[in-house]
Colleague: 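Following this message is one structure expressed as structure tokens.
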2 protein chains.
Amino acid sequence: MSLRYALLAILRVGPLSGYDLQKQFSQSVGHVWYAPDSQIYPELRKMNADGLIEPEEQTRGERGTRIVYHVTDAGEQAFLAWMRSPLSYQRVRDPAHLRAAYLEAAEPADARRFFEAHIAEWESELEQFEGELHHIDALSNPMLVRRLAVTPDAERERTIEYKRFAYEGLVERAKGEIGWARRGLELVDRLYPDVDANADADAEAS
Amino acid sequence: MSLRYALLAILRVGPLSGYDLQKQFSQSVGHVWYAPDSQIYPELRKMNADGLIEPEEQTRGERGTRIVYHVTDAGEQAFLAWMRSPLSYQRVRDPAHLRAAYLEAAEPADARRFFEAHIAEWESELEQFEGELHHIDALSNPMLVRRLAVTPDAERERTIEYKRFAYEGLVERAKGEIGWARRGLELVDRLYPDVDANADADAEAS
DNA sequence: CTCATCATGTAAGGAGTTACATGATTGG
DNA sequence: CCAATCATGTAACTCCTTACATGATGAG
């Protein structure tokens, strides 16, 4: 249900085609709300049917066409209404902590691999989030720049600060997950003291 | 896809009916993987069709029947195979951080309400996780006690430690979210210095 | 002319949500 | 005998995933 609001958030700063939208998406909102193009195109149609956006057909070359979507008044209102409404939280479905709770059923080597993969996963996320933070500070994120261009002066600080703040939260979460998994590796070493392998190296590195 | 492994994790400690399973579920694995009964019953059937569990029909009173499910060898193998396999991470879909990134579009009062709801949500989670931790330490979680009863001595410490560790991670995450949202409230106060209201009270409370 | 990129999808299926539906048993 | 709880689902729908499908344009 949040997909359409994620799309509106981007379209609100200016009309885009489905294709461009998808590109922008993966570089901005995509960090907090993933969506593949096979989901974006149909959603745009539904949003059009619901009157939240309006298509404008443009020619491209001799015969090519592309459709850029504008946010309608109804779309703007829907976005603001969502902002005012209480957020509906999703139920927890956390495969990593599910597995962690039953790791005694795994070989120590597999437990280690699990935590290492968890670290790798979150380090890759962390890198993205920190990259975004730098782009925000350096005003080098194209979406943010476009947004600021259509934002009244008084709102500019807030626009930047809230974005910063959101990504700071994501960075902290990623660091928390990494820290937890590192302690997980230590735990495996502690629970299987006789199994050597790369265990010692791991323990000293942290 | 993890649902069936969550179910196997519980059934592995002893046969249960769908009804009992559902009860146990909400008090144990349910903390990391939510599932309503309308999802559990069909999944049990599919698992039966796939040969992972076996139904045993029992009479109950004069005419009532109930079906208890046993894990088959194939089921046990499937669980262990899952434990060995790399975990597939879900794509991010985080409505809270999505909204936070665009809060400049909200009234300050709505931004505050949003962060307060976030705090309330995670405090309720936190309470559950900390309750679980106490149950683990006091050995007062019925599922854990049943599990330990069928666990060889050498595995007992690991069983307890991994469970503890999983919940510690959840507790930290919850605390992280709460801390972030508290700083969110301070940020709102900073960005709207002229709006008073309950702002001062909030700032002092934290 | 050919390849990268622009541009827009469909189709099939699995997972999850919400709401509804029904009947037996046991304790007070 | 009545209410709580034991017991087991179905139906309709939305959301998401994975894989496939197709054709135009512009740069070299």
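Here is the naming used below: chain letters follow the sequence lines, and residue numbers restart at 1 for every chain.
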Colleague: Respond yes when some side-chain nitrogen or oxygen of B:Lys46 is under 4.0 Å from OP1 or OP2 of C:dG14, and no when none is.
Modeller: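 False: B:Lys46 side-chain N/O out of range (4.0 Å or more) of C:dG14 OP1/OP2.
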Colleague: Need to verify one output field. Residue with the more 5' nearest nucleotide on DNA chain C, A:Arg66 or A:Gln39?
Modeller: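 Mapping each residue to its closest nucleotide by heavy atoms, the 5'-most match is A:Arg66.
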Colleague: Taking 4.0 Å as the cut-off, does a side-chain nitrogen or oxygen of A:Tyr19 come that near to OP1 or OP2 on C:dC6?
Modeller: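 Yes, A:Tyr19 has a side-chain N/O under 4.0 Å of OP1/OP2 on C:dC6.
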Colleague: Looking at C:dT8, I'd like to know if its phosphate oxygens (OP1 or OP2) sit under 4.0 Å from a side-chain N or O belonging to A:Arg45.
Modeller: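 Negative; the distance criterion is not met.
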Colleague: Just the rounded figure in Å: distance from P of C:dT10 to CD1 of A:Ile40.
Modeller: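 So the CD1-P distance, A:Ile40 to C:dT10, works out to 15 Å.
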Colleague: Does either side chain, that of A:Glu132 or that of A:Asn141, offer a donor lying less than 3.5 Å from an acceptor on the other one?
Modeller: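 Yes, a side-chain donor-acceptor pair sits under 3.5 Å.
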Colleague: Does the side chain of B:Arg93 get closer than 4.0 angstrom to OP1 or OP2 of D:dT17 through an N or O atom?
Modeller: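 Answer is yes, contact under 4.0 Å.
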Colleague: Let me know, please, whether A:Thr65 or A:Ser38 comes out on the 5' side of the other along DNA chain C by nearest nucleotide.
Modeller: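 Upstream on the strand: A:Thr65.
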Colleague: For A:Arg4, answer base if it contacts any base atom (sugar-phosphate contacts may also be present), sugar-phosphate if it contacts only those atoms, and nothing otherwise; contact means non-hydrogen atoms under 4.0 Å.
Modeller: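 Since no nucleic acid heavy atom lies under 4.0 Å of A:Arg4, the category is nothing.
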Colleague: Taking the ring centre of each residue, are A:Phe165 and B:Trp180 less than 6.0 Å apart?
Modeller: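 Between B:Trp180 and A:Phe165, which both carry aromatic rings, the centre distance is below 6.0 Å.
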Colleague: If you only use heavy atoms from C-beta on, which nucleotide in C:dT8, C:dG16, C:dT18 is closest to the side chain of A:Arg91?
Modeller: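 Looking only at heavy atoms from C-beta outward on A:Arg91, the closest nucleotide is C:dT18.
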Colleague: Relative to the 5' end of DNA chain D, which residue comes earlier, B:Arg60 or A:Gln90, by the nucleotide with the nearest heavy atom?
Modeller: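 The residue closer to the strand's 5' end, by nearest nucleotide, is B:Arg60.
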Colleague: Tell me whether A:Arg93 contacts the main-chain N or O of B:Tyr34 through its side chain, where contact means a donor paired with an acceptor under 3.5 Å.
Modeller: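 Checking the backbone N and O of B:Tyr34 against the side chain of A:Arg93, a donor-acceptor pair under 3.5 Å is found.
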Colleague: May I have the distance from B:Tyr41 (atom OH) to C:dT17 (atom P), rounded to whole angstrom?
Modeller: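 After rounding, the gap between these two atoms is 18 Å.
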Colleague: Specify the separation, in whole Å, of atom CG of A:Asp20 and atom P of C:dG9.
Modeller: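 Checked: the CG to P distance equals 14 Å.
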Colleague: Taking NZ from A:Lys23 and C1' from C:dA4, how many angstroms apart are they, rounded to a whole number?
Modeller: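 Taking atom C1' of C:dA4 as the reference, NZ of A:Lys23 is at 11 Å.
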Colleague: Whole Å only: how far is the CG atom of A:Asp37 from the P atom of C:dC6?
Modeller: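 Rounding to the nearest Å, CG of A:Asp37 and P of C:dC6 are 13 Å apart.
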Colleague: Indicate, with yes or no, if the rings of A:His97 and B:Tyr167 have centres closer together than 6.0 Å.
Modeller: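 Aromatic pair excluded; centres sit 6.0 Å or further apart.
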Colleague: Rounding to a whole Å, what distance do you find between B:Met47:CE and C:dA15:P?
Modeller: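 Result: 12 Å.
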Colleague: If I take atom CG in residue A:Leu3 and atom P in nucleotide C:dG16, what distance separates them, rounded to the nearest angstrom?
Modeller: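 After rounding, the gap between these two atoms is 18 Å.
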Colleague: Keeping A:Thr72 on the side-chain end and A:Gly51 on the backbone end, is there a donor-acceptor pair under 3.5 Å?
Modeller: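 Here the side-chain-to-backbone pair exists.
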Colleague: Could you give the CD-to-C1' distance, from A:Glu43 to C:dG9, as a whole number of Å?
Modeller: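 Computing the A:Glu43:CD to C:dG9:C1' distance gives 15 Å.
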